[in-house]
Amino acid sequence: MDGRTYRASLDDGRKVYVDGAVIGNVGTDPHFAINVRRASATYDLFARDSAARDAFMTPPTGVESLRQRSDSHVDELASMTYTTMMTLLTAADRIAKVRPQAREAVDHFVGDLKTRDARITECITDAKGDRAKPPAQQPDKDAYLRVVGRRDGGVIIRGAKLHVSMAAIGHELMVIPTKAMKPDEPEYAIACAVPVNAPGVSIVSVHNGRMPEDADARDFPHSSQHALPQGFVIFDDVFVPEERIFLDGETGMSAAFAHSLGLWVRAAHLNHVCDDLDTITGFAQLIAEANGTDRIGHIKDKIANMAITATLVRATLEASIAHATAIHGGIMVPDEVFTNAGKYHAAASYASLVRDLLDIAGGSAVTAPSARDLENAEIGPLVRKYMATKPGIEGEYRLRLFRAIHDLTASAYGGHRHVALLQSGGGLYAQSIVTRGRYDMDRAKRLALESFGWESGAADACPRNETAPIPA
Ligand SMILES: Cc1cc2nc3c(=O)[nH]c(=O)nc-3n(C[C@H](O)[C@H](O)[C@H](O)COP(=O)(O)OP(=O)(O)OC[C@H]3O[C@@H](n4cnc5c(N)ncnc54)[C@H](O)[C@@H]3O)c2cc1C
């Protein structure tokens, strides 16, 4: 597809709602304009350069191609399609021993996805009801998506998947269990692919990160380009044919998809957040220079700490690639410990980097006049005069810096980004438990014992660290 055919493909009878209103055609509706435009641009790019498209959609088979992938910049929907494809291929490898047909089903689906040049989003997070209760004990049994019926050639599913990024502008929904299911919960162990326009699928699209309706894009340089729609996706008795089912009742393997997704989503986030942390550090330096505070001791210390955090997070990205391992077909998978520890550190540190940036910037990060104020013949020159600080730092430049800092960190979009970094791909707890479970604790214990001269081999005699279950 190219951008035009992609836009046309969205007019396929899908049921999408925004603020209570039904959307007739997602491809032309203004709520989705930014995201459809960005996705179309990648389609156009790949239509012009099929080698680039093939390279992007081919799983990495060496450390170098994994690294190159981390450098490629495509729109968020294409990026999510890649993450989802890698999730399916990784999970198929893990569950092949209990469901051998899963690999064939996944390979067939992924091949079909590439042939159709379709985009897919990730439906994992269930409504979950009472968090203290497992799926089978929920007052409403649909709190976790489940199989509610069977008929020739497939199953019928019911439930809801929340916070699904860009659900309304893709073509397919990858539905997977949000966590490990117990032996008495086989109906919840269902993984499958569902077309967005399948009968019974409804998407309530939420657009909280957008810039205000009547705003000027110059004042919102980030949100005007990158705000994402989030989908509240309802599956109301949706039929799924056999060939689109990747897991059906094998509870022991129900977490395999979530683990694989967790790895690839966190790897993708780690990749993006490295540039985000550098950008925030860059803004701190720029605004300090513009304010004339860049040589003051406490400002320099804060910026140095920001640079150290950004560098350490990037080091985990590098390490996750350098320590990647191969699965079937030679596909390279980033290292889990470095990926999870890095994503955790980035998400946990983000707020402190933003705090330091806003501390350094001053109050104009939320009170600077707008680009339109500058254009007013009467007040514009005075705004420029009082926003300027010294030769070389013009009023307009400093005002634009403040507006960009506001949009990135202190606007509705800024808050949205912060929550996204904390929660998407699982909250901090999910990353800490994977890190603890995969960390080489035996080696750490041995080093500790050896450090005070305890006899060699004693670590093996000590109780082993329990292997923590890895959650979604
Ligand atoms: C911007 C954004 C984009 C997202 N994109 C997607 C997407 O594309 N696809 C998708 O499927 N999901 C997506 N998510 C969902 C994300 O994975 C979840 O928000 C996250 O896993 C937390 O789930 P929750 O929101 O239901 O909160 P909750 O499950 O209520 O969790 C809130 C807190 O409670 C803790 N908690 C809850 N239950 C337990 C328990 N039993 N034991 C211990 N701790 C517990 C959690 O660790 C967390 O700290 C996205 C989320 C955001 C914010």
Side-chain angles (χ1 to χ4, degrees), residues 35 76-88 91 119-138 143-145 159-170 172-182 190-194 196 203-210 223 226-235 255 257-266 268-269 272-273 276 340 343-344 347-348 350-351 412-437 468-472:
N35 313 96
E76 294 84 355
L77 186 61
S79 178
M80 180 164 282
T81 298
Y82 169 73
T83 307
T84 311
M85 183 179 80
M86 295 310 301
T87 297
L88 286 172
R119 297 289 188 253
I120 182 165
T121 57
E122 299 156 353
C123 291
I124 169 170
T125 312
D126 287 291
K128 293 187 287 201
D130 180 350
R131 270 59 175 162
K133 290 190 164 68
Q137 288 171 29
Q138 292 289 336
Y144 287 75
L145 185 135
K161 296 285 188 179
L162 312 190
H163 333 283
V164 180
S165 300
M166 298 169 286
I169 59 168
E172 296 276 349
L173 304 162
M174 178 187 69
V175 177
I176 61 175
T178 199
K179 62 174 191 167
M181 297 298 166
K182 298 198 172 70
I190 176 78
C192 54
V194 177
V196 172
I203 300 174
V204 181
S205 194
V206 179
H207 299 247
N208 286 338
R210 272 188 313 178
S223 54
H226 300 289
L228 295 182
Q230 307 294 341
F232 189 111
V233 185
I234 299 162
F235 297 83
F257 287 93
H259 291 172
S260 307
L261 178 85
L263 174 62
W264 285 102
V265 166
R266 288 169 207 151
H269 285 177
H272 292 141
V273 81
D276 288 353
N340 279 276
K343 163 70 168 59
Y344 179 98
Y350 186 78
Y413 175 69
H416 192 273
R417 279 171 61 91
H418 190 188
V419 179
L421 187 56
L422 277 175
Q423 293 291 354
S424 56
L428 292 177
Y429 176 62
Q431 287 123 70
S432 71
I433 207 164
V434 177
T435 306
R436 182 165 173 269
I470 312 297

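Read the numbers this way: they start at 1 and go in the same order the structure lists the ligands and their atoms. Note: hydrogens, waters and symmetry copies are ignored here, and every other heavy atom, side chains too, is used.
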Closest heavy-atom contact between A430 and R266?
CB-NH2, 3.6 Å
Contact table, ligand 1 N/O with protein N/O, distance under 3.5 Å:
| residue | atom | partner | partner atom | Å |
| --- | --- | --- | --- | --- |
| ligand 1 | 5 (N) | H163 | O | 2.8 |
| ligand 1 | 5 (N) | S165 | OG | 3.1 |
| ligand 1 | 8 (O) | S165 | N | 3.0 |
| ligand 1 | 9 (N) | E122 | O | 2.8 |
| ligand 1 | 11 (O) | E122 | O | 3.4 |
| ligand 1 | 11 (O) | I124 | N | 2.8 |
| ligand 1 | 11 (O) | T125 | N | 2.9 |
| ligand 1 | 11 (O) | T125 | OG1 | 3.2 |
| ligand 1 | 12 (N) | T125 | OG1 | 2.7 |
| ligand 1 | 17 (O) | T125 | OG1 | 3.4 |
| ligand 1 | 17 (O) | Q423 | O | 3.4 |
| ligand 1 | 23 (O) | K128 | NZ | 3.1 |
| ligand 1 | 25 (O) | H163 | NE2 | 3.2 |
| ligand 1 | 26 (O) | K128 | NZ | 2.9 |
| ligand 1 | 26 (O) | R131 | NH2 | 3.0 |
| ligand 1 | 29 (O) | K128 | NZ | 2.8 |
| ligand 1 | 30 (O) | R131 | NE | 2.8 |
| ligand 1 | 30 (O) | R131 | NH2 | 3.2 |
| ligand 1 | 41 (N) | R131 | O | 3.4 |

By the salt bridge (charged side-chain N to carboxylate O under 4.0 Å, His left out) test, which pairs, at least two apart or in different chains, include something from residues 413-424?
D276-R417
Would H163 and Q423 count as having a side-chain donor-acceptor pair, cut-off 3.5 Å?
no
Side chain proximity check, K161 to L145, heavy atoms < 4.5 angstrom:
yes
Going by the rule side-chain hydrogen bond (donor to acceptor under 3.5 Å, both in side chains), which residues pair with S165 if we only count those two or more places apart in sequence or in a different chain?
Q230
What residues form a salt bridge (charged side-chain N to carboxylate O under 4.0 Å, His left out) with K182, not counting sequence neighbours?
none
